[in-house]
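Computed from a predicted structure; not experimentally measured.
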Amino acid sequence: MLKEVTAELSAAERQAIADALRMPVQRIARIKGEGRALWLKRCERLPWHLRLRKGAGAAALAADLEALKDLAARGLPVPPVLDSGPDHFVTPDLGRPLHHLLLNRRGEEALRLAAFRAAGRALAAFHRQGIRHGRPSVRDMLWDGNKVWLIDFERYRAARNAPDGCAEDALIAVHSVLSYGRGPGAELDAMVAAYRGAAPDPIWPIVRARALRLRALAGLARGLRAVRPRSNELRAFTETVEYIRKQPG
């Protein structure tokens with residue numbers, strides 16, 4: 001069902017946000033608004049050893065906020081920023097992440113396929129403007145029943161927007177679908193077909209060329225699976241390389 005997206009906050013919603021900001025910090029918190037849900041994203045306060053691995057929380061939050069504002073101004077499918085401050089921002093709830101549709105297939109297949117086709121078109125819309133997401137996981141694609149919105153732009157960097165980066169986006173999106181352990185299926189086929197039909201011409205040949213170069217690493221990954229047989233990442237890596245290799249050029 002299509003959700004109404006409005007950038008206006010009611011007084012009650014502003015009070016709910018203020019109340020949530022007084023609570024102990026959670027990176028992501030869901031807030032009940034007037035007839036809708038909101039998401040509050042806050043700056044992570046990480047211990048020093050995690051900062052070394054994940055980077056500064058404030059910088060990541062600032063990059064995400066800057067990206068949402070920039071991309072919305074370009075007309076791309078990202079949530080509007082309803083409220084923001086030095087250590088937080090708020091966006092509306094725009095639907096279910098696509099990985100839920102992979103994990104729970106009890107719904108109508110036609111709707112699932114429509115969602116994944118919308119995901120392919122949404123990613124292609126970014127790439128038509130020469131913009132990469134950075135890590136387009138199906139966890140970061142929200143289906144509202146009509147379109148897919150992309151979130152989580154902590155890795156967004158304007159300087160990294162190039163055809164090679166967009167090709168890497170496409171590889172990551174395929175790997176993300178396959179990491180849920182069901183192998184190539186109708187959902188992935190729908191997403192890739194829609195993406196290829198809407199993406200700029202130069203990108204898919206780069207995707208295939210990268211997959212072919214990665215075949216040696218895929219062989220190594222198959223060997224590592226003997227040591228880590230439950231690793232979805234390793235299994236999905238080999239499946240991604242083989243899936244893209246088999247796609248027509």
Checking Asp19 side chain against Leu21 main chain: does a donor-acceptor pair fall under 3.5 Å? no
Rounded to the nearest 0.5 Å, what separates atom CG in Leu65 from atom CG in Asp70? 11.0 Å
Rounded distance [0.5 Å steps], CG in Asp93 versus NZ in Lys32: 13.0 Å
For Ala20 and Arg42, work out which heavy atoms get closest and say how close. O-NH1, 3.3 Å
Whether the side chain of Gln129 engages the backbone of Arg74 through a donor-acceptor N/O pair (distance < 3.5 Å, no angle test) should be reported. yes
What distance separates Glu13 CD from Arg36 CZ, expressed to the nearest 0.5 Å? 4.0 Å
Counting only N and O atoms by type, is there a donor-acceptor contact under 3.5 Å from the side chain of Arg128 to the main-chain atoms of Ala198? yes
Between Asp64 and Asp152, is there a side-chain heavy-atom distance shorter than 4.5 Å? yes
Hey, mind stepping through Thr91 and Lys41 against side-chain contact (heavy atoms from CB on, under 4.5 Å) and telling me if it holds? CA-CA 8 Å; Thr91 56; Lys41 189 167 188 177; over 6 Å; no
Would you confirm whether Thr240, through its side chain, and Ala236, through its main-chain N or O, come within 3.5 Å as a donor-acceptor pair? yes
If you compare all heavy atoms of Val241 against all heavy atoms of Ala211, which two are closest, and at what distance to 0.1 Å? CG1-O, 3.4 Å
Charged N to carboxylate O under 4.0 angstrom, Arg210 versus Glu168? yes
So, His88 and Asp83: side-chain donor and acceptor under 3.5 Å apart, yes or no? yes
Should Leu113 and Glu187 count as side-chain neighbours, where that means a heavy-atom distance under 4.5 Å? yes
Hydrophobic clusters here meaning ILVMFWY residues chained together by side-chain heavy-atom distances under 4.5 Å, can you tell me if Leu103 and Trp143 are in one? yes
Measure across Ala72 and Val78 and return the closest heavy-atom pair with its distance rounded to 0.1 Å. N-CG2, 3.6 Å
Is there a side-chain contact (heavy atoms from CB on, under 4.5 Å) between Leu98 and Leu101 once you walk through the steps? CA-CA 5 Å; Leu98 286 192; Leu101 302 183; 3.8 Å; yes
Do Ser176 and Arg139 have side chains that approach each other closer than 4.5 Å (heavy atoms only, starting at C-beta)? no
Only one of Val148, Asp189, Leu188, Val138 clears side-chain contact (heavy atoms from CB on, under 4.5 Å) with Phe116; which? Val138
Would you give the length of the straight line joining atom CG of Leu82 to atom CD1 of Ile17, rounded to the nearest 0.5 angstrom? 7.0 Å
If we only count heavy atoms from C-beta on, is the Lys246 to Pro184 side-chain gap below 4.5 Å? no
Run the side-chain contact (heavy atoms from CB on, under 4.5 Å) test on Val192 and Val177 for me, step by step, so that the C-alpha distance in whole Å, both residues' side-chain angles and the decisive distance to 0.1 Å come before the verdict. CA-CA 11 Å; Val192 169; Val177 174; over 6 Å; no
Looking at Ala170 and Val207, what are the two nearest heavy atoms and their distance? CB-CG2, 3.8 Å
Checking the side chain of Arg208 only, and the main-chain atoms of Gln247 only, is there a donor and an acceptor separated by less than 3.5 Å? yes
First locate atom CG of Leu123, then atom OH of Tyr195, and finally report the distance between them rounded to the nearest 0.5 Å. 5.5 Å
NE2-OG distance between His99 and Ser179, expressed to the nearest 0.5 angstrom: 9.5 Å
Nearest heavy-atom approach of Met191 to Ala173 is CE-O, 3.8 Å
Identify whether Val81 and Ile131 are in the same connected component of the hydrophobic contact network (ILVMFWY, side-chain heavy atoms under 4.5 Å). yes
Under a 4.5 Å side-chain heavy-atom rule over Ile, Leu, Val, Met, Phe, Trp and Tyr, are Val174 and Tyr180 clustered together? yes
Which heavy atom of Leu68 sits nearest a heavy atom of Pro79, and at what distance? CD2-CD, 4.0 Å
Side-chain touch Arg245/Leu212, heavy atoms, less than 4.5 angstrom: yes
CA sep, side-chain torsions, deciding dist, call: Trp39, Ile151, side-chain contact (heavy atoms from CB on, under 4.5 Å): CA-CA 11 Å; Trp39 289 102; Ile151 60 171; over 6 Å; no
Applying ring-ring contact (aromatic ring centres under 6.0 Å, His included) to Phe153 and His133, what does each step give before you reach the verdict? CA-CA 6 Å; Phe153 290 91; His133 178 282; 4.5 Å; yes
